[in-house]
Visitor: 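I am attaching a structure below and will ask some questions about it afterwards.
The model shown is predicted, which means the values in this text are computed figures rather than measured ones. Residue numbering restarts at 1 for every chain, and letters A, B, ... go by the order of the sequence lines.
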Amino acid sequence: MSTTTPDPWAPLPRDFYRRHPAEVAPELLNKLLVHDDGRAGRIVEVEAYAGAEDPAAHSFRGQTPRNATMFGEPGHLYVYFIYGLHWGSNAVCGEVGEGAGVLLRAIEPIAGLERMRALRPAARRDRDLANGPGKLSQAMGLTRAHDGADLVTGDRGVRIVTDGMPPPAEPRIGPRVGISKAIDFPWRWRTPLG
DNA sequence: GCACCGATGTTCT
DNA sequence: GAACATCGGTGCA
């Protein structure tokens, strides 16, 4: 074909992530988290976690086996286990060694809903499939096995792509939730209706 | 709709 | 031991 049809789901380039997480986070809104098996959701809520400057970040006290992925190449997935029950998923940001990331807090499911329902038996309504960091990870099947996955190349079946929808012009901004330090940082962003 | 609370295991003090 | 980037059930409005 000589006339080009833009890939409707174009991956975000590595350099998209190579910035401060508070700059990357609002731009991740309305992007798509997709799985090779057809599951996909639109990112509607995120939080930024910086490194040494952010007491609430897992990376604040330096690199450990648990948070090593955060200190690696941007554009990879950092998955952590929390409260003995749940997984949380982040996009690594900034430069190598910085320890920055964006916590993916909620997606609006747009494809592969049946698979998500199977993975989320506790969800009584589709709106509860992925409206929280643990629920999002469960609905997308993200666990320790995906820690370090490359979101740019999709080496483990998961990527973040764009369908051309821009981030919201006026996202809702507020403090991060579930933390006890740096509770005043306005580093949580949501789409206006999400 | 909202407030409270137990579950469960890894990490760090 | 304590804290933890949470969730789902229960009780009440």
Visitor: Is there a Watson-Crick or G-U wobble partner for C:dT6 with both distances under 3.5 Å, and if so, which one is it?
Guide: B:dA7

Visitor: Given C:dA5, B:dT13, C:dC7, which nucleotide is nearest the side-chain atoms of A:R61?
Guide: B:dT13

Visitor: Before giving the answer on side chain to side chain contact (heavy atoms under 4.5 Å, CB included), spell out for A:K181 and A:F60 the whole-Å C-alpha distance, their side-chain angles and the decisive distance to 0.1 Å.
Guide: CA-CA 11 Å; A:K181 299 167 199 159; A:F60 180 64; over 6 Å; no

Visitor: For atom CD1 of A:I183, decide whether the heavy atoms of other residues, nucleotides or ligands shown that lie under 6.0 angstrom number more than 12.
Guide: no

Visitor: Find the distance A:F81:CZ to C:dC7:P and express it as a whole number of Å.
Guide: 13 Å

Visitor: Look at the aromatic rings of A:W87 and A:F81 and report parallel, tilted or perpendicular, splitting at 30° and 60°.
Guide: tilted

Visitor: When you get a sec, tell me which of B:dC12, C:dC4, C:dT6 is the closest nucleotide to the side chain of A:T64?
Guide: B:dC12

Visitor: I need the CG-P distance between A:L129 and C:dG8, as an integer number of Å.
Guide: 10 Å

Visitor: Please report, rounded to the nearest Å, how far the P atom of C:dA3 is from the NE2 atom of A:H86.
Guide: 19 Å

Visitor: Can you identify which nucleotide, out of C:dA5, C:dG8, C:dC4, has its nearest atom closest to the A:K181 side chain?
Guide: C:dC4

Visitor: Indicate, with a heavy-atom threshold strictly under 4.0 Å, whether A:A56 touches base, sugar-phosphate, or nothing.
Guide: base

Visitor: Taking atom types as they are modelled, would you say the side chain of A:Y83 forms a donor-acceptor pair with the base of B:dA7 within the 3.5 Å cutoff?
Guide: no

Visitor: Counting the atoms with a prime plus P, OP1 and OP2 as sugar-phosphate, which does A:I179 contact under 4.0 Å by heavy atoms, base, sugar-phosphate, or nothing?
Guide: sugar-phosphate

Visitor: Tell me the interatomic distance from A:Q138, atom CD, to C:dC7, atom P, rounded to whole angstroms.
Guide: 10 Å

Visitor: Looking for any heavy atom pair under 4.0 Å, which part of the strands does A:G134 touch: base, sugar-phosphate only, or nothing?
Guide: sugar-phosphate

Visitor: Searching all strands shown, indicate the nucleotide that pairs with B:dC12 (Watson-Crick or G-U wobble; both distances under 3.5 Å).
Guide: C:dG1

Visitor: Are any of the side-chain nitrogens in A:R42 or A:D163 under 4.0 Å away from the carboxylate oxygens of its partner?
Guide: yes

Visitor: Grab the CG-P distance between A:L136 and C:dG8 for me, whole Å please.
Guide: 13 Å

Visitor: Does A:D147 pair with A:R66 as a salt bridge, N-O distance under 4.0 Å?
Guide: no

Visitor: Just the rounded figure in Å: distance from P of C:dA5 to CG of A:D54.
Guide: 11 Å

Visitor: Between A:R144 and A:L85, who's closer to the 5' end of DNA chain B by nearest nucleotide?
Guide: A:L85

Visitor: For DNA chain C, whose closest nucleotide is more 5', that of A:S180 or that of A:P133?
Guide: A:S180

Visitor: Can you measure A:I82 atom CD1 to C:dA2 atom P for me and round it to whole angstrom units?
Guide: 17 Å

Visitor: Over how many whole Å does the gap from A:H58 atom NE2 to C:dA3 atom P extend?
Guide: 16 Å

Visitor: When you measure from the side chain of A:R120 to the backbone of A:L129, do you find a donor-acceptor pair of N or O atoms at a distance under 3.5 Å?
Guide: yes

Visitor: Using a cut-off of strictly less than 4.0 Å, decide whether A:R124 has a side-chain nitrogen or oxygen near OP1 or OP2 of C:dG9.
Guide: no

Visitor: Classify the nucleic acid contact of A:R188 as base, sugar-phosphate or nothing, counting any heavy atom under 4.0 Å across all strands shown.
Guide: nothing

